[in-house]
Peer 1: 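Got a structure here, written out as structure tokens. Questions coming.
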Amino acid sequence: MLAARQRGSSRVAARRIDTKGRDWYDYEAKYAEGGMELVVPARISEQATGRLRDLARQVFMLCGCSGLARCDFFVDDDEVLVNELNTIPGFTETSVYGRLFEADGISYPDLCDRLVKLAIERHEKARSYEF
């Protein structure tokens with residue numbers, strides 16, 4: 001399974017979740033220490049990476065999302081299928097969303113600051129409308 005993170009209208013990053021021999025990405029794989037490995041960058045073709053990024057942006061915008069979301073995919077060679085859009089991804093120490101940013105050098109506190117700033121900007125923009 002691949003995950004792409006989206007923050008506001010910023011870039012999309014593709015990472016692969018390796019379930020370490022498990023058939024399913026189950027509770028243990030997701031939450032137990034060492035239950036999964038986040039492969040950075042995902043080992044997929046440039047074509048699949050481009051398609052994944054395009055789909056993540058399209059799904060995010062078509063669903064009217066703002067702020068944060070994580071879009072999960074299934075990738076088979078160059079075929080990319082959207083699995084789900086998670087508009088409230090987890091924020092635990094083992095959660096994928098924060099680790100996706102960490103892999104790009106953005107710490108958890110910086111991520112939280114950025115998300116708060118996005119929310120403030122969205123709020124101020126909404127308050128600026130006149131009816």
Side-chain angles (χ1 to χ4, degrees):
M1 179 175 23
L2 281 105
R5 54 111 168 126
Q6 181 84 28
R7 181 184 54 81
S9 59
S10 71
R11 70 178 201 207
V12 176
R15 308 295 188 248
R16 181 175 183 272
I17 298 170
D18 183 347
T19 58
K20 294 186 161 184
R22 288 183 166 84
D23 290 335
W24 298 98
Y25 186 48
D26 59 11
Y27 183 88
E28 290 299 316
K30 190 171 185 176
Y31 295 108
E33 187 65 35
M36 66 91 165
E37 177 185 359
L38 195 59
V39 179
V40 180
R43 291 181 286 245
I44 58 175
S45 70
E46 287 184 30
Q47 181 177 341
T49 298
R51 180 74 176 132
L52 186 146
R53 287 183 175 148
D54 290 346
L55 282 171
R57 285 187 187 100
Q58 288 174 19
V59 168
F60 186 84
M61 299 306 287
L62 288 170
C63 290
C65 294
S66 62
L68 70 139
R70 190 192 74 239
C71 194
D72 297 341
F73 299 87
F74 293 111
V75 177
D76 185 13
D77 294 322
D78 287 334
E79 184 178 9
V80 179
L81 301 171
V82 175
N83 177 38
E84 69 174 335
L85 178 69
N86 188 335
T87 58
I88 307 178
F91 265 73
T92 67
E93 288 182 23
T94 59
S95 295
V96 171
Y97 189 80
R99 292 173 63 189
L100 291 172
F101 281 92
E102 234 174 54
D104 283 338
I106 300 170
S107 70
Y108 182 80
D110 287 344
L111 171 59
C112 292
D113 286 346
R114 289 176 184 207
L115 291 171
V116 169
K117 286 176 186 173
L118 278 172
I120 291 169
E121 288 172 14
R122 188 174 63 245
H123 175 73
E124 288 173 350
K125 182 178 178 183
R127 290 189 60 191
S128 70
Y129 295 131
E130 292 185 26
F131 299 97

Peer 1: Tell me the closest heavy-atom pair linking L85 and C65, and the distance in Å.
Peer 2: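 Result for this residue pair: CD2-SG, 3.5 Å.
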
Peer 1: Measure the shortest side-chain to side-chain distance between L100 and L38 over non-hydrogen atoms and say whether it is less than 4.5 angstrom.
Peer 2: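 With C-beta onward as the side chain, the pair touches.
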
Peer 1: Closer than 3.5 angstrom, by distance alone: can the side chain of R22 be matched with the main-chain N or O of G35 as a donor-acceptor pair?
Peer 2: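 Indeed, once roles are kept as given, a pair shorter than 3.5 Å links the two residues.
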
Peer 1: State, to 0.1 Å, how close I106 and R114 come at their nearest heavy-atom pair, and which atoms those are.
Peer 2: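 Distance-wise, the nearest heavy atoms are CD1-NH1, 3.3 Å.
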
Peer 1: Do you reckon Y108 sits in the same ILVMFWY cluster as L115, going by side-chain contacts under 4.5 Å, direct or chained?
Peer 2: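 Yes: a chain of side-chain contacts under 4.5 Å links Y108 to L115.
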
Peer 1: Measure the spacing between CG of N83 and CZ of F74 and express it to the nearest 0.5 Å.
Peer 2: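 Result: 3.5 Å between the selected atoms.
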
Peer 1: Looking at every non-hydrogen atom in both residues, tell me the closest pair between W24 and A29 and how far apart they are.
Peer 2: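 Where W24 meets A29 most closely, the heavy atoms are O-CB, 4.2 Å.
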
Peer 1: Other residues, nucleotides and ligands only: do more than 12 of their heavy atoms fall within 6.0 Å of NZ on K125?
Peer 2: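 Counting other residues, nucleotides and ligands, NZ of K125 stays at 12 neighbours or fewer.
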
Peer 1: Verify the cluster assignment for V39 and L52: are they in a single hydrophobic cluster under the rule of side-chain heavy atoms below 4.5 Å apart?
Peer 2: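 They do not share one cluster, since no chain of ILVMFWY contacts under 4.5 Å joins V39 to L52.
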
Peer 1: Output the distance between atom CZ (F73) and atom CD1 (I44), rounded to the nearest 0.5 Å.
Peer 2: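 Reported to 0.5 Å precision, the distance equals 9.5 Å.
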
Peer 1: Does K20 offer a backbone N or O that forms a donor-acceptor pair with the side chain of D18 under 3.5 Å?
Peer 2: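 Flag set: sc D18 to bb K20 pair under 3.5 Å.
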
Peer 1: State the CG-NZ distance between D110 and K117, to the nearest 0.5 angstrom.
Peer 2: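 Nearest 0.5 Å value for the CG-NZ distance: 8.5 Å.
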
Peer 1: Please report the shortest heavy-atom distance between C71 and V82, naming the atom on each side.
Peer 2: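 Shortest heavy-atom separation between C71 and V82 comes out as SG-CG1, 3.9 Å.
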
Peer 1: Can you check whether R16 reaches E37 side chain to side chain, under 4.5 Å on heavy atoms?
Peer 2: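 A side-chain contact is absent here, since even the closest heavy-atom pair is not under 4.5 Å.
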
Peer 1: Over all heavy atoms of both residues, which pair between Q47 and D78 is shortest? Give the atoms and the distance, please.
Peer 2: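 For Q47 and D78, the tightest heavy-atom pair comes out as OE1-OD2, 3.4 Å.
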
Peer 1: Measuring from atom OH of Y25 to atom CG of D72, what distance do you get when rounded to the nearest 0.5 angstrom?
Peer 2: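 Answer rounded to 0.5 Å: 8.0 Å.
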
Peer 1: To the nearest 0.5 Å, what is the distance between CG (L118) and NE2 (H123)?
Peer 2: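 That separation rounds to 14.5 Å.
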
Peer 1: Give me the atom names and distance for the closest heavy-atom approach of G90 to Y97.
Peer 2: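 Between these two residues, the closest heavy atoms are O-CB, 3.9 Å.
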
Peer 1: How long is the span from the CG atom in D54 to the OG1 atom in T49, to the nearest 0.5 Å?
Peer 2: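 Rounded to the nearest 0.5 Å, the CG-OG1 separation comes to 11.0 Å.
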
